Protein chains: 4
Amino acid sequence: MSEQRRGAVRSEAARRAILEATARLFAARGYDHLTIEGVAHEAGVGKQTIYRWWPSKSALVADCLLEGMLLPNRLGPPNTGDIRADLVTWLDEIFELVAQPIGESLILSLIAAAAENPDVGRRLYASMGATSALVERFEAAIAASEIRDDAPVQEIGEALMGPLVVRMLSRSPITPGTAERLVDVVLGPVSVGIAPPG
Amino acid sequence: MSEQRRGAVRSEAARRAILEATARLFAARGYDHLTIEGVAHEAGVGKQTIYRWWPSKSALVADCLLEGMLLPNRLGPPNTGDIRADLVTWLDEIFELVAQPIGESLILSLIAAAAENPDVGRRLYASMGATSALVERFEAAIAASEIRDDAPVQEIGEALMGPLVVRMLSRSPITPGTAERLVDVVLGPVSVGIAPPG
Amino acid sequence: MSEQRRGAVRSEAARRAILEATARLFAARGYDHLTIEGVAHEAGVGKQTIYRWWPSKSALVADCLLEGMLLPNRLGPPNTGDIRADLVTWLDEIFELVAQPIGESLILSLIAAAAENPDVGRRLYASMGATSALVERFEAAIAASEIRDDAPVQEIGEALMGPLVVRMLSRSPITPGTAERLVDVVLGPVSVGIAPPG
Amino acid sequence: MSEQRRGAVRSEAARRAILEATARLFAARGYDHLTIEGVAHEAGVGKQTIYRWWPSKSALVADCLLEGMLLPNRLGPPNTGDIRADLVTWLDEIFELVAQPIGESLILSLIAAAAENPDVGRRLYASMGATSALVERFEAAIAASEIRDDAPVQEIGEALMGPLVVRMLSRSPITPGTAERLVDVVLGPVSVGIAPPG
DNA sequence: GGCTAATCGAGACGGTACGTCCCGTCTTTAG
DNA sequence: CTAAAGACGGGACGTACCGTCTCGATTAGCC
């Protein structure tokens, strides 16, 4: 009835050692200086053990992402009841991360990995909260009538994340006030916000 | 008085052959299968001739961009007097390009190259019109009072381009109506647009 | 008094499957393309079952030899009463075998295996009749006064076999008449043979 | 008219370093523990530089032989005017060499290499004097009427060398007197030698 | 019949070496 | 002095096997 399984079972120790080594080296040296041989050596593992389970280094990175070893798994905005302030808080948090050289090269490396491997892209997108934490915050805002209930939340989310990516790729500096201006752009300036109920 | 120059001068034929070979191979096989040796061979040129003038393959790609060999040099929105329609037209044009496999992989390769090399990033940013053609259109719109004169045009531009990049990296499909929704997000829905003057 | 034995006993089926697979692969691909993994797979057997009973691939080949799976177990000269003719017949038989590509590569593989593993060497030597069938024929020849009773039979035997090995290793062609010339060399030319008794 | 040659020329330093490293490692660890990577490392050379000029490790070994780095290039019998004594001297010299463990494993390694690669075989054959020095000695012996002028010298030579190879492969000990007995076998016992002229 | 071993197939594991692809530098010859 | 050609030392690739080590299943003697 059930699937036959024979032979030794996959070693969890090796799996973890590999992912941890990958995360360590990725953070230390960036995506394109990451090598399978380096990971194997760092993890104390044969190369074949890596190739047995992952097809490429980008798949390795994707798995690290999935396990939350490169970024906090749910990086979303807070909910203080004030959607504009919460989004600004969240953006500023991210801006601060990427303002540091290490944060910048980490994100650029992730972008490079995502460009190369669809899986990394999908997981990075999920990780960055664009689908989960951020959307939840918008739904809460709709429920609280902070924003219109027909607001295109996916587009709004991407209009917040996207500029970050663009600035990083173009190496444009992120000036003070950028977060506020972005939130104003996507939610509309305060003065033209939706009318309060009643 | 003048600089003394002896011996053969830099060969323009070689320079063009190299850039054309780079563009050809980049389009055909993508950024990370592009090799200096491949370019040298394709261009019928010695490797040293490439290394003499360009420090890396990403610099080569950056130069191709600058010469408009990878993307049209000025890809900007039209100006029909209707900023919303013009932006939608422009976005849909880009969306159509990246909906084709070749366009998608071209852009993803450019993103990867930009992530790896600051120069490519800067030039790509300029190329994509985010600073020039797009900003000019916004200035025209301000002049025509189509949008507020204190609108943060850089942020608006990036809030239009950014989501494209995010969708490509995350491999999210671009659904019909996305362009309209994005324009609505960044300019505000029509009904709450700025009041007509007077 | 006797050794205690518990648990499953050695599988004769596995043993035979392994030896047969070894012989098959050895003949097909030669000694140095023979792999334990290949034998295990071909025999439908786990690798450990091979390692449990044989220490190395050359031991495997030695066992195949011992079971006569690679060469006829007793390849010796006939006895028609004419020692010279019998030796020529025997040599020509061998020469014909090694003239075919398959025979040549089989023997060269065996030589390589023998060079690598003393056991293979000893068993091959025995197999090739140099100690048994050939010596028996010489003893018969001595009994029949065909050759001197103090003839150094081991040296004579090796002086017949050795040139074959040398020709194979040096890839010298074996020309017609070689067998006769060799027999003449080791037994002395007919005209100067030992005087008939009486 | 002449062949065009452009680009850097082959480095003699690299060639020598590689051959010397090969000879050193071959002598130290034997043919089948010899690795291309080991040679490259020992020679301080990139692997590709080896693969550019030699197709396999056995070709490397063959070249070492050709340069006389593994064996003296002309290992032949002396000429004191007494062919039997000279041959015995020569054989005993070789027997002494192969009686030492290092000599034995060197020769066995050469045999293994010869079995694998025709070129090694041919060059080894030439090196061992079977074609040159030994044949010259026989010709001198014929000229001096020490042996019959129609003696099959190639067969005689191989009937001397061959048994050595057979003993090495079969790991039979070489007992005292073997050289004499072999010479007796191939030249005939003294008592039945050719009649002195006159 | 249950217990204890040993064997079997399968195959994962840490390794070593393979032969290939490119890197960026250096060397040679032609123009 | 530039350019083509291409050899060089080096690093990583992805693959093939090595010999060892689990696994779960099966098989035999012993209580």
Side-chain angles (χ1 to χ4, degrees), chain A residues 4-11 13-15 17 33-41 43-53 55-57, chain B residues 4-11 13-14 17 33-41 43-53 55-57, chain C residues 4-11 13-15 17 33-41 43-53 55-57, chain D residues 4-15 17 33-41 43-53 55-57:
Chain A
Q4 280 293 48
R5 269 297 286 112
R6 291 213 297 196
V9 89
R10 176 170 186 181
S11 156
R15 197 188 73 90
H33 292 111
L34 186 71
T35 66
I36 299 277
E37 267 183 11
V39 171
H41 186 263
V45 135
K47 267 201 290 184
Q48 198 55 50
T49 301
I50 300 183
Y51 283 110
R52 191 159 18 241
W53 303 107
S56 63
K57 78 169 172 176
Chain B
Q4 284 293 37
R5 283 284 286 109
R6 283 209 308 194
V9 87
R10 177 170 184 183
S11 154
H33 290 110
L34 186 72
T35 67
I36 299 279
E37 274 186 2
V39 171
H41 187 264
V45 134
K47 274 202 289 181
Q48 197 56 45
T49 303
I50 299 182
Y51 282 111
R52 194 158 15 237
W53 305 107
S56 65
K57 80 168 173 175
Chain C
Q4 284 292 43
R5 276 290 285 108
R6 263 180 352 166
V9 88
R10 175 169 187 185
S11 154
R15 197 188 73 91
H33 291 111
L34 187 71
T35 67
I36 299 279
E37 276 186 0
V39 171
H41 187 264
V45 136
K47 272 203 289 182
Q48 193 63 268
T49 303
I50 299 181
Y51 282 110
R52 190 154 23 233
W53 304 107
S56 65
K57 80 169 172 174
Chain D
Q4 281 294 48
R5 267 299 285 114
R6 287 213 298 196
V9 88
R10 177 170 185 182
S11 156
E12 176 63 16
R15 197 189 72 91
H33 291 111
L34 186 70
T35 67
I36 299 278
E37 267 182 11
V39 171
H41 187 264
V45 135
K47 267 201 290 183
Q48 197 56 48
T49 301
I50 301 182
Y51 283 111
R52 194 163 10 243
W53 303 108
S56 64
K57 76 169 174 175

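What's counted below: heavy atoms across the whole structure, side chains too, no hydrogens, waters or symmetry copies. Worth saying up front: this structure is predicted, and the values here are computed from it rather than measured. Each chain gets a letter, A, B and so on, in the order the sequences are listed, and its residues count up from 1.
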- Say you draw a straight line from CD of C/Q48 to CD1 of C/I36; how long is it, rounded to the nearest 0.5 Å? 11.0 Å
- What residues form a side chain to side chain contact (heavy atoms under 4.5 Å, CB included) with D/T35, not counting sequence neighbours? D/E37
- For C/H41 and F/dA16, give me the distance from atom NE2 to atom C1', rounded to whole Å. 14 Å
- Item | Nearest-Å distance for atom pair OH/P, residues A/Y51 and E/dC13 | 16 Å
- What pairs with A/S56 under side chain to side chain contact (heavy atoms under 4.5 Å, CB included), at least two apart in sequence or on another chain? A/S58, A/A59, A/N117
- Let me know the distance between CD of A/E37 and C1' of E/dG14, rounded to the nearest Å. 14 Å
- Task: Would you check if C/W53 and C/R15 make a side-chain contact, meaning some heavy-atom pair closer than 4.5 Å?
- Result: no
- Task: Compare every heavy atom of B/A14 with every heavy atom of B/V45, then report the nearest pair and how far apart it is.
- Result: CG2-CB, 4.2 Å
- Query: For D/I36 and B/P55, take the nucleotide of DNA chain E holding the closest heavy atom to each; which residue's nucleotide lies nearer the 5' end?
  - Reply: D/I36
- Note on the structure: Whether each nucleotide of nucleotides 5-10 of chain E has a protein heavy atom under 4.0 Å at its base (B), only at its sugar-phosphate (S) or at neither (-) is summarised, 5' to 3', as BBSBBB
- Task: Identify, between A/L34 and C/S56, the residue whose nearest nucleotide on DNA chain F lies closer to the 5' end.
- Result: A/L34
- Message: Holding to side chain to side chain contact (heavy atoms under 4.5 Å, CB included), I want the full list of residues that pass it with B/A17, two or more places apart in sequence or in another chain.
- Response: B/A43
